[in-house]
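All values below come from the heavy atoms of this structure, side chains included, with hydrogens, waters and symmetry mates left out.
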Amino acid sequence: MRIVGLTGGIASGKSTVSNLFKVHGIPVVDADLVARDALKKGSGGWTKVVAAFGNEILLDNGEVDRVKLGRIVFSDPEKRQLLNRLQAPFISSGIFWEVFKLWMKGFKVIVLDVPLLFEAKMDGWTKPIIVVWVDPETQLQRLLARDRTSEEDARNRINAQMALDLKRSKADIVIDNTGSLEDMNEQFQKVLFQVTKPLTWTEFGLSRQGAFSVLLSVAIGVLICRKFYNDGL
């Protein structure tokens with residue numbers, strides 16, 4: 001099985017690339033969706049986060065006000081680190097189970113869409129790693145246009161993440177999204193070809209089909225050994 005890492009920065013266009021993978025039939029495990037589930041009312045993550053940040057982060061229905069919590073943590077590095085520590089075990093286990101379910105269905109290529117892929121040390125799970133890159137000014141302007149937020153808030157959110165230039169230096173594949181959607185689509189087609197090429201023997205061994213092949217080979221070997229043993233007796 002090939003687990004492809006997909007990351008970028010806020011307003012870099014990562015979600016667009018993620019959707020392109022889905023359109024082409026490649027399953028995507030979205031860490032943001034897993035994180036939302038980890039914060040649902042009554043969950044283990046919800047309990048820990050509310051205990052740490054207080055009931056003032058809750059909406060009237062008891063769910064976490066994600067916008068309010070975001071403003072708190074994006075403006076305070078210590079609180080952001082605290083939130084990440086509290087959520088990390090629940091997000092990691094959630095991602096594992098999503099990958100396992102796709103493995104059981106027999107998918108050979110899976111994309112992990114994780115904004116904090118490097119920060120959360122999940123890059124070791126994935127190969128290749130794709131970074132969707134954009135220059136800082138374009139990133140800022142796109143975020144301001146998308147969220148209709150203040151420049152201070154936008155800069156806080158951008159600065160809360162690892163710089164895209166640093167992420168780019170750690171990538172196996174870089175998609176430059178400073179241009180048009182047509183430019184991105186052209187780059188994506190080349191990336192799609194790379195990630196869907198035949199699996200290596202190691203990757204095949206990690207797939208469900210590979211595991212079954214190993215088990216079948218072992219079973220046949222055991223039967224043959226048993227036959228020789230019985231004939232010898």
Practice item. Check step by step if side chain to side chain contact (heavy atoms under 4.5 Å, CB included) holds for Val195 and Ile130. Key: CA-CA 10 Å; Val195 303; Ile130 302 168; 4.2 Å; yes

Point to revise | Test side chain to side chain contact (heavy atoms under 4.5 Å, CB included) applied to Thr178 and Trp133, step by step | key: CA-CA 8 Å; Thr178 54; Trp133 180 88; 3.7 Å; yes

Practice item. Kindly indicate, with the supporting measurements, whether the criterion side chain to side chain contact (heavy atoms under 4.5 Å, CB included) is fulfilled by Ile95 and Trp125. Key: CA-CA 11 Å; Ile95 289 174; Trp125 300 5; 4.0 Å; yes

**Study point:** Derivation of the side chain to side chain contact (heavy atoms under 4.5 Å, CB included) call for Arg36 and Lys40
**Key:** CA-CA 7 Å; Arg36 287 192 183 97; Lys40 282 184 177 179; over 6 Å; no

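With Asn177 contributing its side chain and Val134 its backbone, the two residues share no donor-acceptor pair below 3.5 Å. Using modelled atom types, one side-chain atom of Arg2 and one backbone atom of Lys197 make a donor-acceptor pair closer than 3.5 Å.
Heavy atoms of other residues, nucleotides or ligands lying less than 6.0 angstrom from CG of Asn61 number more than 12. Within a 6.0 Å sphere centred on CZ of Arg71, other residues, nucleotides and ligands contribute 12 heavy atoms or fewer. Within 6.0 Å of CD on Gln194 lie more than 12 heavy atoms contributed by other residues, nucleotides or ligands.
What you find for Ile57 and Val50 is that their closest heavy atoms are CD1-CA, 4.4 Å. Across all their heavy atoms, Arg66 and Leu39 have their closest contact at NH1-CD1, 3.6 Å. Scanning all heavy atoms of the two residues, the minimum distance from Pro89 to Leu86 falls at CD-O, 3.6 Å. Residues Phe90 and Gly44 come closest through the heavy atom pair CZ-C, 3.5 Å.
When the side chain to side chain donor-acceptor pair (under 3.5 Å) test is applied to Asn84, no partner is found at least two apart in sequence or on another chain. Not counting sequence neighbours, Gln161 has no partner by the side chain to side chain donor-acceptor pair (under 3.5 Å) test.
Looking only at atom types and distance, the side chain of Asn19 has no donor-acceptor partner in the side chain of Thr16 under 3.5 Å away. In summary, the side chains of Ser150 and Asp153 do not present any donor paired with an acceptor at a separation below 3.5 Å, with no hydrogens or angles considered.
Side chains of Val131 and Lys170 form no contact here, defined as non-hydrogen atoms less than 4.5 Å apart.
The aromatic rings of Phe100 and Trp103 sit parallel, their planes meeting at an angle under 30°, below the 60° perpendicular limit. The aromatic rings of Phe21 and Phe188 stand perpendicular to each other, their planes meeting at an angle above 60°, with 30° marking the opposite boundary.
With side-chain heavy atoms closer than 4.5 Å counting as contact, directly or through intermediates, the hydrophobic cluster containing Leu143 also holds Ile10, Leu140, Leu144, Ile158.
Checked for salt-bridge contact, Arg155 and Glu152 miss the test: no charged N lies under 4.0 Å from a carboxylate O.
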